[in-house]
Number of protein chains: 2
Amino acid sequence: MRIGELASASGISRDSLRFYERAGLLKARRQQNGYRDYPAEAVQLLLYIKTAQKLGFSLAEIGTNLARLRTAPDQDAAVGALLADKLQVVEQRLDELTALRNELRNRLGQTCPLRLQPSVGVETRTGPERAARRLDF
Amino acid sequence: MRIGELASASGISRDSLRFYERAGLLKARRQQNGYRDYPAEAVQLLLYIKTAQKLGFSLAEIGTNLARLRTAPDQDAAVGALLADKLQVVEQRLDELTALRNELRNRLGQTCPLRLQPSVGVETRTGPERAARRLDF
DNA sequence: CTAAAGCCTGGAGTACACTCCAAGGTCAAG
DNA sequence: CTTGACCTTGGAGTGTACTCCAGGCTTTAG
């Protein structure tokens, strides 16, 4: 599989794939002509990378995880641990978002959840009737 | 309120506050000596900015939202709309994360959720017994 | 009065993750 | 045998969000 094919199969640009290679995330063997040659599994790997990115992992972290995986004595266990870690991250993020959602719902039910002036801290000193015009937010 | 006070009250560095000012997010009036002077509400505004950032909004988007708010004919309505929008974003993200969590849980229950070779696409051609050693992931 | 802490500005530097470009090699179709 | 699509490299440029620094003024504590 050449780079263009992998790019369209994974939805990741050729340039990004080469960038990932430099970053040590995705190696490729080479054809006689020097073209990169990817195995079919690379698509899955890229999907994984995308997912990990969505979870807030940097490419460096993802690379470290992948490297650790490749050298783990018990790969099944290592994979399990990694997935479990990710699951934890996801659940923590879910909790945060749920809290945020509840807060937003509460604020929507109120008149005046946060106050800020029309232009915070700027010389809007045109009189007391202007000072009274506050932005509810 | 001077910049250092606001920095410690909001947990945002002085440099960042000045950066936000350049970005148009946070204006400050000035004291006679040229020092920035912030109203107490600035703390709330910064908490809002932090929240919006957590939601994935760029500073530019946040700035646009704030500007729109300040010039809205009906500020209460505008605020309500913005909160409702944010709520939607949060709920969408919750859905995505929930799907991801379910996927992770499923994979944890399986033997072999994703397959990749010890070093994807690299000359690990040491024999068939090596090829059989695949990484479940 | 001095020292330390705090503030100012402009500008440079950093980290991350791309994205684009130039100059050139490869390959299949017409 | 040329055209066009695809590939190679190295390196420069982009956007985001800071972060740090130099050089200099202001304020506060002792």
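Order of the sequence lines fixes the chain letters, A, B, ..., with proteins taken first and strands second; residue numbering starts at 1 for each chain.
The nearest pair of heavy atoms linking Arg105(B) to Glu91(A) is NH2-OE2, 2.5 Å.
Residues satisfying the side chain to side chain donor-acceptor pair (under 3.5 Å) criterion with Ser10(B), sequence neighbours excluded, are absent altogether. Listed by chain and number, the residues in a side chain to side chain contact (heavy atoms under 4.5 Å, CB included) with Thr98(A) are Arg101(A), Asn102(A), Leu94(B) (sequence neighbours excluded). For Glu103(B), the salt bridge (Lys or Arg N to Asp or Glu O under 4.0 Å) partners two or more places apart in sequence, or in a different chain, are Arg107(B). Qualifying side chain to side chain contact (heavy atoms under 4.5 Å, CB included) partners for Gln92(A), counting only residues two or more places apart in sequence or in other chains: Glu96(A). Applying the side chain to side chain contact (heavy atoms under 4.5 Å, CB included) criterion to Asp74(B), with sequence neighbours excluded, gives Asp76(B), Ala77(B). Checked against side chain to side chain donor-acceptor pair (under 3.5 Å), Glu21(A) has the following partners two or more places apart in sequence or in another chain: Arg30(A), Arg36(A). With sequence neighbours excluded, the residues satisfying side chain to side chain contact (heavy atoms under 4.5 Å, CB included) with Thr51(B) are Leu100(A). Not counting sequence neighbours, the partners of Arg18(A) by the salt bridge (Lys or Arg N to Asp or Glu O under 4.0 Å) test are Asp15(A). Residues that satisfy the salt bridge (Lys or Arg N to Asp or Glu O under 4.0 Å) test with Asp85(A), not counting sequence neighbours, are absent from this structure.
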(message) Treating primed atoms plus P, OP1 and OP2 as sugar-phosphate and everything else as base, which nucleotides of nucleotides 23-30 of chain D get B, S or - for protein heavy atoms under 4.0 Å?
(response) ---BS---
(request) Determine, for nucleotides 9-22 of chain D in 5'-to-3' order, which nucleotides have protein heavy atoms under 4.0 Å from the base (write B), from only the sugar-phosphate (write S), or from neither (write -). (result) B-------BBBB--
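The nucleotide range of DNA chain C contacted by chain B, defined by atoms under 4.0 angstrom from heavy atoms of the protein and reported 5' to 3', is dG6(C) to dT9(C).
dC7(D) atom P lies 11 Å from atom CE of Met1(A), rounded to whole Å.
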